Amino acid sequence: MRPRLRLFALLGWLGALAVADAATPSASSIVPSSQQRLANGQQVLVLCYHDVVTSRQPGGDTETVDTATLAAHLNWLRSEGYQAIGLDALLAADAGSARLPDKAVLLTFDDGYASLYTQVYPLLRAFRVPAVAALVGRWMEIPAGQPVPYSERGQRAREEFISWDQAREMQASGLVEFASHSWDLHHGIAGNPAGSLQPAATTHAFVAGAGYESDAAWTQRVRSDLERQSTLMAQQLGQRPRAIVWPYGRYNATTEAIANELGMPIGLTLDSGRSQRAEPIGRIRRLLVDGNPATVRFARLVRQVDGAPTVRFVRLDLDRLADSHGADLERRISELLDHIRRLGVETVVIAAFAHPSIPGRIESVYFPNRHLPVRADLLNRVAWTIATTTQAGALAWLPADGLASDAAGGDAQAQQTLGDLFDDLGKAVYLQGLLLSSTREDEPLEALSARAARLAERTRAWQPQLITALNVRGPAPRPEQISALLDGHDYVQVDLPAAGHGSDDLLAAIRSITGAAPRALICLAAPSGSATDVGARALTLQSAGFPNLGVAGADLDSPAELEALRRTLSLRSLPARAALAHP
């Protein structure tokens, strides 16, 4: 069983889409996908709410729930035996000095809306349950009667947020503890030359004429912001925050370290879905409660167990876009987005490198980095736009070897350079995951898998939620090799040629391992004119137990080809969940 990753979780007004389809019931005894498992194995359900209103208006904010619905949720949790906890219990459980209740739940409310005082606080008192609320310092410091710069969609009145006096009253009750939501990182900044607005906490700002913000400048900006907010809360509330609620749920290893140094060991994210791994309290997963779910749906969200999702993908390169400029580039990007929407895929695999003059060699790439030429700074823009305007997320395809300077494939300096490349990729491009491959035929699969995992960790330092898929080709591996590979990666990826069967032994080896076939991504070559044949092969593969299918080399500009591939790849008519997994 594999968990689901809600793509980009919640990016609010930045526009990223959360994929949250209804779960398929499962008889598995695995804990629900909503549960957070601590490093010592203890579990807690963490719920994330935003604004709570007496009555929701048609077309209103999807994150808003009404008061009656929240009361129903609290009543259901109590009837099911859940016990609400605060940060003291969470810290004690993490330290091993106490155990959490069997059904522990932590209630969190983001952004500090006025409804926290007028709607939520009375319910907390009525049910006698604690909660954690996150405050944005800049919004809190704006004088009464002045507008709050809530988002690019518009401003909100200062009166739509709580006052410090109300915060102090709620804190004095012992029911509400306040967390940092940053001083002023709850907004987007330009993250590439196209000006894509991306989360301020984790984005290196791009300034026209000056380039990208340095690591040192970015680190200092984040540190200064979080320190300012901590000091402000100490002044207004008499204590510094012990938890950070990351704006838009975005964080990385550096921001985690900064928060911990400032006395905030607890980090609340918007990662969702069951995790196979236990996580530290600096990476608390939360179940986002949106859409004003009635009690039955809320119960299903809490109880759901995620199985291996069905993945449909298309593999693309950026070479054609790199040859375009101005209005032509904008037109091509718009057409690409239309094609992705039409196909109905939820994953787009994008080559992070330009087509090489020598096959198997990385000569230039599509993201800023410290070593290789940048053919065009396009990858971040395209990946971000796909994630925020279509139903799909992006995986970057980058080989685990093959630098142009590494002719023998074993030069130590080239390996260091390659590691830096994966590091720079994570810093520069917002992604759902990585596809790693190798150009070397002689490397044992175990060695490749371990090396690819080490490279992926360089990228995950910037984006901890990333999934990985490892391309496998050549002689069929032994079953134990496949099992070892899937211990280190989320998926095994196999390319099938345009004609003939090809890779039959490899597919048979994968099928021999229980549970491995649903974690295989099969990529079918789809040259122009082959869409019908690709559809037939796809049906054969599905019948053989391989549900996760994609195409490469497709002629998406042909309406007939596009329609035939849509029928092959789209999940809209299938009872499957369209989302990738994260361990």
Side-chain angles (χ1 to χ4, degrees), residues 2-3 5 276-277 308-309 311-315 347-353 360 362 393-403 409 415 418-419 421-423 425-426 431-461 463-496 502-503 505-525 541 546-550 552 580-583:
R2 304 294 288 177
L5 171 65
Q276 292 280 58
R277 295 192 300 251
V311 180
R312 297 297 163 82
F313 63 96
V314 60
R315 197 158 77 193
T347 301
V348 180
V349 179
I350 309 173
F353 54 95
I362 307 174
L395 268 67
W397 172 25
L398 191 60
D401 53 36
L403 286 176
Q415 294 307 306
L418 192 61
L421 203 61
F422 276 82
D423 183 76
L425 176 65
L431 295 167
Q432 187 178 5
L434 296 171
L435 169 62
L436 301 105
S437 61
S438 175
T439 62
R440 295 164 58 182
E441 297 282 359
D442 59 340
E443 184 174 25
L445 182 59
E446 297 92 337
L448 169 61
S449 178
R451 189 160 57 82
R454 289 193 298 271
L455 291 170
E457 285 306 306
R458 295 290 299 273
T459 309
R460 280 203 183 107
Q463 299 181 67
Q465 78 287 355
L466 292 182
I467 62 99
T468 62
L470 183 63
N471 176 270
V472 176
R473 58 195 181 93
R478 299 186 305 277
E480 62 269 22
Q481 290 178 302
I482 297 173
S483 295
L485 186 157
L486 291 174
D487 283 341
H489 300 275
D490 300 278
Y491 292 95
V492 55
Q493 195 267 310
V494 179
D495 291 329
L496 295 187
S503 301
D505 290 343
L506 176 55
L507 296 181
I510 294 172
R511 287 185 61 193
S512 71
I513 302 298
T514 301
R519 292 174 59 188
L521 306 180
I522 311 300
C523 187
L524 297 165
L541 287 164
F546 292 97
N548 305 321
L549 304 171
L580 268 177
H582 177 53

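None of these values were measured; they are calculated from a predicted model. In what follows, every heavy atom counts, from backbone to side chain, and hydrogens, waters and symmetry copies are set aside.
- Between P477 and A509, the closest heavy-atom pair is O-CB, 3.5 Å.
- Salt bridge absent: R454 and E457 never bring a charged side-chain N and a carboxylate O closer than 4.0 Å.
- Here the side chain of D401 pairs no donor or acceptor atom with the backbone of S438 at under 3.5 angstrom.
- Checking side-chain atoms of R511 against main-chain N and O of A517 turns up no donor-acceptor pair under 3.5 Å.
- For the atom pair L434 CG and L455 CG, the distance stands at 9.5 Å (nearest 0.5 Å).
- Here the straight-line distance linking atom CG of L521 with atom CZ of R315 works out to 10.5 Å at 0.5 Å rounding.
- The ring-ring contact (aromatic ring centres under 6.0 Å, His included) test applied to F313 returns no partner, not counting sequence neighbours.
- D490 CG to T468 OG1: the interatomic distance, rounded to the nearest 0.5 Å, is 4.5 Å.
- L486 and V492 get closest at one heavy-atom pair: CD2-N, 3.9 Å.
- Taken from OG in S449 to CD1 in I482, the straight-line distance is 11.5 Å, to the nearest 0.5 Å.
- Between V494 and F546, every side-chain heavy-atom pair lies at or beyond the 4.5 Å cut-off.
- Pairing each heavy atom of N471 with each of L435, the nearest pair is N-CD1, 4.1 Å.
- Contacts of R473 classified as salt bridge (charged side-chain N to carboxylate O under 4.0 Å, His left out), with partners at least two apart in sequence or in another chain: E441.
- Residue Q463 comes nearest to G426 through the heavy atom pair NE2-O, 3.0 Å, listed as atom of the first residue, atom of the second, then distance.
- Atom CZ of R451 is surrounded by more than 12 heavy atoms from other residues, nucleotides or ligands within 6.0 Å.
- The shortest heavy-atom contact between I362 and P399 is CD1-CD, 3.8 Å.
- Taking the side chain as every heavy atom from C-beta outward, L448 and L436 never approach each other to under 4.5 Å.
- Taking CD from Q481 and CG from L445, the interatomic distance works out to 5.0 Å, rounded to the nearest 0.5 Å.
- The shortest heavy-atom contact between N548 and R519 is ND2-N, 4.1 Å.
- Every residue two or more places apart in sequence or in another chain was checked for a side-chain hydrogen bond (donor to acceptor under 3.5 Å, both in side chains) with T459, and none qualifies.
- Annotation: the span from L524 atom CG to L549 atom CG amounts to 6.0 Å, rounded to 0.5 Å.
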